[in-house]
Every structure is written in C-alpha cells, then in structure tokens.
Amino acid sequence: MSSQPRFAYAPPPELTGEFIGESRRRPVVVIGAGPVGLTCAIDLAQRGVPVVVLDEDDTVATGSRAICWAKRTLEIWDRLGVGSRMVDKGVTWSVGRVFHGDHELYRFDLLPETGHRRPAFINLQQYYAEEYLVARAADFPDLIDLRWKNAVADLTQTAEGVRLAIATPDGTYAIDAEWVIAADGARSPTRTRMGLPFPGQRFEERFLIADVKMKADFPTERLFWFEPTFHAGQSALLHRQPDDVFRIDFQLGPDADPELEKQPERVMPRVRAVIGAETPVTLEWCSVYSFRCARLERFVHGRVVFVGDSAHVVSPFGARGGNGGIQDADNLCWKLALVLRGEAPESLIATYDEERGRGADENILNSSRTTNFMTPKTRAERHFRDGVLALAAEAPFARALLNAGRLSRPCSLAGLSLQTPDPIPHVDGLRPGDTCVDAPVVDGSGRPGWLLDRLGGPFTLMVFAGGDAPDLSWLSGLTPALRCVVVADRPLAMPEAEVLLDVEGIAGLRYGAKPGTTYLIRPDAHVAARFAETDATLVAQALARASGRSGHAVREAA
C-alpha cells in the first residue's frame with residue numbers, strides 16, 4: 001500500500017459545549033476500529049442501534065496482517081453491504097497445494113461444487129478491509145459516530161452500564177454507555193484495565209512475514225512447503241494478494257533474532273530463493289512474530305463484552321483469527337439489538353459467551369494442532385510428522401493426518417441453549433445450529449439471486465412449499481417479528497411472504513427439504529429449528545427459545 005489513509009480527528013461534542021453536565025448515555029460504545037469493531041458498529045447500525053466507536057489511532061493497519069477472508073465472513077459482510085467491494089478487490093481462491101521439499105504431496109479444493117455466490121476464500125490485505133468498512137460506516141451518519149484519536153483512559157462499571165474516560169488531543173471527557181464492546185486487539189488495554197487473566201499456550205517458534213511486490217506467475221492458490229529446498233529445515237507459505245503483492249511466511253526457529261531477521265538485507269535473500277534471482281521485486285513490509293493461543297474464561301463481564309482478539313487469540317495458520325472475530329460480531333449484535341429494544345431479556349447476552357466460547361475452543365484446538373505438527377517439540381512428535389510426510393504422497397490415510405493449517409470453517413451451535421432439538425434427525429439437510437448455506441433462486445419478478453440474501457437480519461421462517469401455498473396468516477402475532485420466505489418450484493400468490501423459485505433444485509437438496517419442511521433461521525443465519533411441517537405452536541416455541549424468552553437460554557454471565 002503506497003500510503004495509508006488518515007482520518008480526521010474532530011473534537012467530540014462533550015468537549016465543545018454541545019453536552020452540558022453529565023454526558024448523554026449511549027446504547028453501545030465500541031472500543032477499537034479494526035475489522036471486528038467496525039463490523040459490530042455497522043451491524044448494530046443496520047438494526048437501528050446508535051453506536052460510538054473509539055479508536056486511539058487515525059489510520060488503518062500497516063502491512064497485510066489478516067489477509068484470508070473465508071466464505072462465511074464474506075456472507076456476513078454481504079448482509080452489511082460491503083461484501084461485493086471486498087470480493088471485487090480481493091484475490092479469489094479455493095485450491096491449496098502442499099509440498100514436501102520440491103515434491104507435491106497433494107492438493108485440495110475447499111469449494112468444489114457450484115451454486116454459491118461467494119468463493120471459499122479471498123485474499124485481501126487487512127488495510128483494505130478496514131478502509132472499506134470505514135467507508136461503509138460513513139453511510140450511517142446518524143447512527144455511527146466514529147471518533148479517531150479518542151483513547152480510553154479509564155473504565156468503570158456502574159449499576160446502569162459503563163462510564164468511560166476518553167483522552168483526546170483536546171482533553172479528557174466522560175461518556176456513559178449501556179453496553180461496551182471491547183474490540184481492542186490481542187493486547188487489549190480493556191482486558192488489562194479490568195485485570196482479566198488471559199491463560200493459554202505460548203509458542204516460541206518465530207516466523208517472518210514479507211509482503212513483496214512483483215510480477216510473477218505463481219498460481220492463485222495457497223502454496224505451503226514443509227522443509228522446502230529454498231528454506232532448508234523449515235516451512236514456508238505463499239499467498240497472492242491484490243496489486244501484485246505476494247505474502248511469504250518463513251519459519252525461522254525459536255532462536256531467531258527478530259530485529260536482525262526483519263532487516264531487508266536478511267529478508268531479500270530468502271525472498272530471492274523463492275522467486276528466483278531475475279524477477280524484479282520490492283519489499284513493501286515485513287514483520288517477525290511469535291504467537292500464542294489463549295482466551296478469556298468468559299467473554300461477557302457485566303456490561304462489557306469482548307470480541308475478536310481481545311477475547312481470544314490463535315496462531316495465524318488456518319485463518320481463524322480475523323474470521324473468528326467477524327463471527328463474534330455476527331453472533332453478538334443481533335442479541336444486543338433485541339435486548340436494547342426490550343424484545344429479549346438481558347440474559348440473552350450470556351448465550352454469546354456460550355456460543356462463541358465453543359467457537360474459540362474449536363479454533364484454538366485446530367490452531368494448536370497445526371502448530372504442533374509444523375513445529376514438533378518432542379522426538380515422538382518429530383517421528384510422527386516425518387512419517388506422515390513420507391507417506392502422504394501415496395497414502396490417503398496419511399494425507400488426512402498431514403496438517404498445514406485446518407482452514408477456517410463456521411462453528412456449529414448444535415446442542416446449545418438457543419437451538420430447538422431436531423425432531424427429524426434422520427432426515428438429511430441442515431440441522432439446528434448449522435450455518436445456512438447458499439443456493440441460486442429466482443424471485444417473483446424473474447430475477448436470479450441468492451438464497452442467503454433473504455436469510456439473516458431479522459428472524460426468518462423459511463418454508464419449502466409443494467403445489468399449494470401454505471397458510472401463514474398466524475405469523476403476524478409473533479414476537480420478535482418474523483420475516484417469511486417460501487421456497488417453491490412454481491410461482492405462488494402469497495402476500496404475507498416472499499416466494500423464491502428453486503428452479504435448479506439446489507436449495508431443496510442442500511436443506512434436505514420436502515413439501516412442508518420448515519426452518520426457523522436466526523438473525524445471524526444459523527438454523528434455530530427445523531420441522532417436517534409448518535406448525536404454528538412449534539414455531540412460536542422455537543422462536544421464544546431462540547430469542548432467549550423461554551427460560552432455555554443460559555443464565556446471565558456474572
């Protein structure tokens with residue numbers, strides 16, 4: 001990136017005399033304007049919730065940092081109105097190749113089937129993702145107050161919420177919030193200020209990231225090498241990014257000197273060993289890092305909720321950090337909006353801890369396993385890894401054990417508090433707790449589109465119809481209000497629902513649907529319940545459970 005955009009600081013109204021005496025109480029304050037904090041702000045704004053976003057800096061991230069954005073993240077950003085811009089700029093990929101030395105062991109395709117709007121992954125530098133999210137936030141001038149150079153200096157929980165002291169170039173002011181979302185990163189000052197332990201495992205292995213700009217014919221694939229000949233005894237990873245920028249990760253070993261290894265005279269010979277001596281190349285950015293896998297025991301502390309790296313950190317192998325944080329935002333914000341509107345009890349927020357705690361544990365487990373395979377610590381681990389590498393080219397069972405990064409996948413919420421137990425477990429298709437999958441559909445005007453564009457946002461009832469229109473007149477009396485989508489194989493006259501035609505039969509196949517199959521979809525496009533036929537009583541009970549009003553939700557976090 002040639003130059004980072006800088007965003008203008010403006011004196012806050014609390015210091016200009018607009019507010020006199022006690023500061024006005026805000027529904028939500030977000031600390032941190034990174035990808036996760038901005039996603040939270042936009043999601044809440046789309047639900048009509050005013051948000052103040054505080055960031056101590058005035059620019060976007062340096063270097064590529066998080067670059068691999070998964071299909072699930074892109075679908076969330078589609079709902080927030082920024083997915084297309086990300087995809088249009090990003091480099092699309094689904095194929096990965098794994099090598100041992102110069103020999104290719106195997107290749108995999110993360111999305112081999114058609115009929116999806118979004119690819120398995122795009123590569124897009126974090127600074128672009130942040131820039132596009134800032135631009136989207138500007139579309140909500142009456143709901144998102146994005147304050148640059150506003151650093152939180154103190155935080156105190158009160159009986160009614162949280163009071164924050166904010167330091168700015170013009171002085172310090174106070175702001176009161178009903179809820180605070182801490183999205184202030186892996187070193188989270190909020191977490192430190194609140195004295196919260198952050199237990200986990202630290203890995204001493206060091207890695208070098210180099211962003212280099214060059215014209216090169218490397219395929220648009222994830223290329224991973226164990227013990228490459230160009231980087232003896234270690235591993236390496238290469239990704240293509242937009243603007244002819246390539247990211248190369250080199251494993252250096254635990255004894256590498258970070259300051260020495262990021263000097264250009266040390267970096268460029270490593271790069272040249274990968275790309276060849278004749279290719280014109282410039283070094284755009286580099287960093288040497290080690291990492292840890294850690295998480296807060298609880299993500300909800302009174303009226304302060306932790307999201308993204310402030311709540312949990314993982315190794316970068318598998319692209320589970322940034323994508324996991326976006327899923328945090330997707331899980332939390334609809335719940336906050338319901339609570340703030342008085343449509344759900346405050347105990348609903350505790351289910352964020354329950355559900356995203358599972359996601360964090362899943363990400364940490366996969367991430368730790370990858371790191372242990374890449375950097376064996378014991379003789380037994382080394383023998384296991386070497387044996388798997390020796391067999392993987394010929395033996396499919398060994399290929400399944402080879403771990404170059406289990407790439408980010410959405411977390412299933414099956415069996416947790418908000419999901420209704422599946423009454424038809426023997427039927428194929430999505431089950432309660434699964435994330436919704438996409439399929440091509442045609443709307444009532446004959447325009448082709450995508451099923452996921454109609455799912456997520458509000459609670460949605462999706463009914464698969466046969467030849468006759470189902471009776472949905474009872475929907476109007478439910479709380480929270482339900483949007484209704486009917487998926488059919490022929491046009492139906494239904495003023496109370498949007499009718500979508502499954503002309504290719506893909507939606508019915510993926511959802512295991514027969515005439516009458518009914519899905520209750522949560523605002524974050526997870527399945528809350530499914531039934532073999534539409535039943536008003538069962539749907540009402542499932543809706544009460546999914547919105548935390550039935551007594552099935554976990555109790556409020558302490």
Side-chain angles (χ1 to χ4, degrees), residues 68-73 92-114 116 119-121 123 201 203 205 207 219-229 231 233-239 249 251 291 293 314-324 327 358-415 428-431 433-435 437 510:
C68 297
W69 304 105
K71 181 175 185 287
R72 173 66 175 155
T73 294
T92 294
W93 66 275
S94 65
V95 172
R97 298 164 65 191
V98 180
F99 300 82
H100 185 204
D102 293 330
H103 179 61
E104 183 171 341
L105 296 180
Y106 77 108
R107 59 189 293 146
F108 56 88
D109 190 338
L110 296 169
L111 194 64
E113 63 183 15
T114 60
H116 295 268
F121 276 90
N123 289 344
Q201 179 182 6
F203 298 89
E205 199 76 20
F207 293 80
T220 306
E221 299 169 341
R222 181 184 193 263
L223 304 180
F224 188 98
W225 291 267
F226 287 102
E227 300 178 335
T229 55
H231 185 56
Q234 307 293 328
S235 65
L237 175 66
L238 183 144
H239 277 281
D249 291 53
Q251 183 182 345
F291 52 85
C293 291
V314 296
S315 76
F317 306 108
R320 292 176 176 268
N323 290 295
Q327 290 184 52
R358 173 183 284 186
D361 289 341
E362 185 177 291
N363 286 334
I364 288 172
L365 176 64
N366 282 283
S367 192
S368 299
R369 285 175 174 172
T370 297
T371 305
N372 288 331
F373 189 88
M374 289 175 55
T375 62
K377 304 298 186 299
T378 67
R379 182 176 296 179
E381 288 178 347
R382 170 67 67 175
H383 285 323
F384 173 76
R385 193 192 83 160
D386 291 349
V388 168
L389 290 174
L391 292 169
E394 305 297 334
F397 83 89
R399 225 167 287 152
L401 298 172
L402 195 154
N403 195 334
R406 302 286 189 244
L407 286 155
S408 176
R409 297 175 59 85
C411 173
S412 171
L413 308 177
D428 291 339
L430 300 191
R431 292 173 169 82
D434 290 345
T435 53
V437 295
R510 289 178 179 166

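The environment of CZ in R358 is crowded: more than 12 heavy-atom neighbours from other residues, nucleotides or ligands sit within 6.0 Å. The environment of CG in D361 is crowded: more than 12 heavy-atom neighbours from other residues, nucleotides or ligands sit within 6.0 Å.
At least one donor-acceptor pair under 3.5 Å links the side chain of T370 to the backbone N or O of N366. Looking only at distances, a side-chain donor or acceptor of D434 sits under 3.5 Å from a matching main-chain atom of R431. D249 places no side-chain N or O within donor-acceptor distance of the main-chain N or O of P316, the cut-off being under 3.5 Å.
The line from OG of S367 to CZ of F291 is 6.5 Å long, rounded to the nearest 0.5 Å. Rounded to the nearest 0.5 angstrom, E227 CD and S235 OG are separated by 9.5 Å. Atom CG in L430 sits 10.0 Å away from atom CZ in R510 (nearest 0.5 Å). Put simply, CZ on R222 and CG on L407 are 5.0 Å apart, with the number rounded to the nearest 0.5 Å. To the nearest 0.5 angstrom, L105 atom CG is 12.5 Å from W225 atom CH2. Rounding to the nearest 0.5 Å places NZ of K71 at 12.5 Å from OG1 of T92.
With respect to R107 and E221, a salt bridge is recorded, a charged nitrogen being found less than 4.0 Å from a carboxylate O. For the pair R406 and E362, the salt-bridge criterion is not met [side-chain N within less than 4.0 Å of a carboxylate O]. In summary, E394 and R399 do not engage in a salt bridge, as defined by a charged side-chain N under 4.0 Å from a carboxylate O.
Annotation: W93 is in aromatic contact with H239 [ring centroid separation under 6.0 Å]. A ring-centre distance under 6.0 Å is found for F373 and F226.
By the 4.5 Å heavy-atom criterion applied to side chains, F317 and N403 are not counted as neighbours.
In summary, the side chains of K377 and T375 do present a donor paired with an acceptor at a separation below 3.5 Å, with no hydrogens or angles considered. A donor atom on one side chain and an acceptor atom on the other are found under 3.5 Å apart for E205 and Q251.
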